[in-house]
Amino acid sequence: MKKLLVLLLLIPNLVMSEEKFVPVAEYTASNDNWQSKIYDVYYVACRCGIAYQAAYEEMQKKNIDSDAVDTSFNDKAFTILTNLVIYLEDNAEGNFHYDKSIENQMESILAFYQNEASKSYIKNNKFNGIIGKDISTCKDYESFYYGLVQRTV
């Protein structure tokens, strides 16, 4: 009976950890006008910012020479996520509320990219797999996220 109870408690966590993440490029391609929908702007920024941060942390772990680590990944993560927060504060107008599901989603995205980064690091600050694709896609969206703050000022 105790084993069954433990399994019932673990099933929701196992299901959540198995969530399928499509590449950011596929997500944005399937969501027309994503740049004008506050949830999509939030979601893509989280995916991009966390992908950059997870990649940066993995590079720090794998490189003995800290000068070889591309610190721009950390800077890009910080800028995208900071600009997102400022944008949400200035534009959400009660349409975007924090709740536990958002925290769970962020944790799920973080866990996904940390796992991907450790599996997909090639060397010389390069990644393959979904994190490599997402970092490449996110480079195209950097100017959009930089521009968010300028539009709100």
Side-chain angles (χ1 to χ4, degrees), residues 10-63 68-153:
L10 290 176
I11 287 173
N13 293 331
L14 293 173
V15 171
M16 182 175 261
S17 68
E18 294 298 319
E19 181 180 345
K20 177 83 169 127
F21 283 90
V22 299
V24 171
E26 284 182 36
Y27 179 84
T28 56
S30 66
N31 289 288
D32 295 339
N33 302 316
W34 70 270
Q35 294 174 329
S36 62
K37 298 174 184 168
I38 202 157
Y39 175 80
D40 289 339
V41 169
Y42 153 79
Y43 181 73
V44 173
C46 288
R47 291 277 307 264
C48 289
I50 293 172
Y52 277 128
Q53 189 61 35
Y56 173 73
E57 290 172 6
E58 189 62 29
M59 289 185 290
Q60 284 186 312
K61 286 183 210 171
K62 298 280 171 85
N63 285 301
V69 175
D70 186 351
T71 58
S72 73
F73 280 56
N74 185 50
D75 298 339
K76 290 173 185 181
F78 180 79
T79 301
I80 288 172
L81 294 172
T82 301
N83 286 355
L84 172 68
V85 168
I86 293 167
Y87 175 76
L88 290 175
E89 287 175 347
D90 292 344
N91 294 291
E93 298 175 8
N95 295 325
F96 194 88
H97 298 286
Y98 172 82
D99 64 24
K100 186 67 176 167
S101 66
I102 289 176
E103 181 180 340
N104 291 341
Q105 183 182 42
M106 292 279 284
E107 289 173 359
S108 180
I109 291 169
L110 176 61
F112 172 77
Y113 279 122
Q114 285 174 330
N115 183 44
E116 284 298 308
S118 68
K119 292 188 315 189
S120 303
Y121 183 68
I122 301 170
K123 62 180 175 178
N124 300 328
N125 302 315
K126 303 263 188 264
F127 293 83
N128 61 18
I130 192 169
I131 193 168
K133 289 177 188 174
D134 286 354
I135 288 170
S136 177
T137 300
C138 291
K139 285 179 184 177
D140 294 337
Y141 300 149
E142 286 173 22
S143 62
F144 169 74
Y145 285 103
Y146 295 148
L148 284 178
V149 174
Q150 277 73 37
R151 282 183 278 187
T152 62
V153 174

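In this chain, residues are counted from 1 in sequence order.
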Let me confirm one number: the [atom1]-[atom2] distance from [X] to [Y], rounded to the nearest 0.5 Å.
X    : Y    : atom1 : atom2 : answer
N104 : I109 : CG    : CD1   : 11.0 Å
I50  : E116 : CD1   : CD    : 14.0 Å
Q114 : E57  : CD    : CD    : 6.0 Å
N83  : F144 : CG    : CZ    : 10.5 Å
E142 : T137 : CD    : OG1   : 11.5 Å

Apply side chain to side chain contact (heavy atoms under 4.5 Å, CB included) to residues I135 and F73 and explain how you reach the verdict. CA-CA 9 Å; I135 288 170; F73 280 56; 3.7 Å; yes

Test item: [X] and [Y] side chains (from C-beta on) under 4.5 Å apart, heavy atoms:
X    : Y    : answer
S108 : F21  : yes
Y43  : N31  : no
K119 : I131 : no

Can any side-chain N or O of T28 pair as donor or acceptor with the backbone N or O of A25 at less than 3.5 Å?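 Present.
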
Go through it in stages, so that I can follow the logic: the residues are L148 and V41, the test is side chain to side chain contact (heavy atoms under 4.5 Å, CB included), and I'd like the CA-CA distance, side-chain angles, deciding distance and then a yes or no. CA-CA 10 Å; L148 284 178; V41 169; 4.1 Å; yes

Using every non-hydrogen atom in the two residues, find where [X] and [Y] come nearest and quote the distance to one decimal.
X    : Y    : value
S72  : D70  : OG-OD1, 2.6 Å
Y56  : V69  : CE1-CG1, 3.7 Å
C46  : M106 : SG-SD, 3.2 Å
Y52  : A77  : CB-CB, 3.8 Å
A45  : I80  : O-CG2, 3.7 Å
S120 : G129 : OG-CA, 4.3 Å

Between Y42 and Y39, how do the two ring planes meet: parallel, tilted or perpendicular, split at 30° and 60°?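 Y42 and Y39: tilted rings.
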
So which pairs with a foot in residues 121-133 pass side chain to side chain donor-acceptor pair (under 3.5 Å), sequence neighbours left out?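 Passing the test, one end in residues 121-133: N63-Y121.
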
For Y146, I'd like to know if atom OH has over 12 heavy atoms of other residues, nucleotides or ligands within 6.0 Å.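 Above 12, so yes.
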
Any side-chain donor near an acceptor of the partner, D40 and Y27, under 3.5 Å: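 Yes, because at least one side-chain N or O of D40 sits under 3.5 Å from a partner of the opposite role on Y27.
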
Could you go through the side chain to side chain contact (heavy atoms under 4.5 Å, CB included) check for Y113 and Q53 one step at a time? CA-CA 9 Å; Y113 279 122; Q53 189 61 35; over 6 Å; no

Indicate yes or no: does E58 engage K61 in a salt bridge with an N to O separation below 4.0 Å.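 Here E58 pairs with K61 in a salt bridge, since their nearest N and O are under 4.0 Å apart.
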
Under the criterion side chain to side chain contact (heavy atoms under 4.5 Å, CB included), I'd like the reasoning laid out for Y141 against W34: C-alpha separation, chi angles, the key distance, then a yes or no. CA-CA 12 Å; Y141 300 149; W34 70 270; 3.8 Å; yes

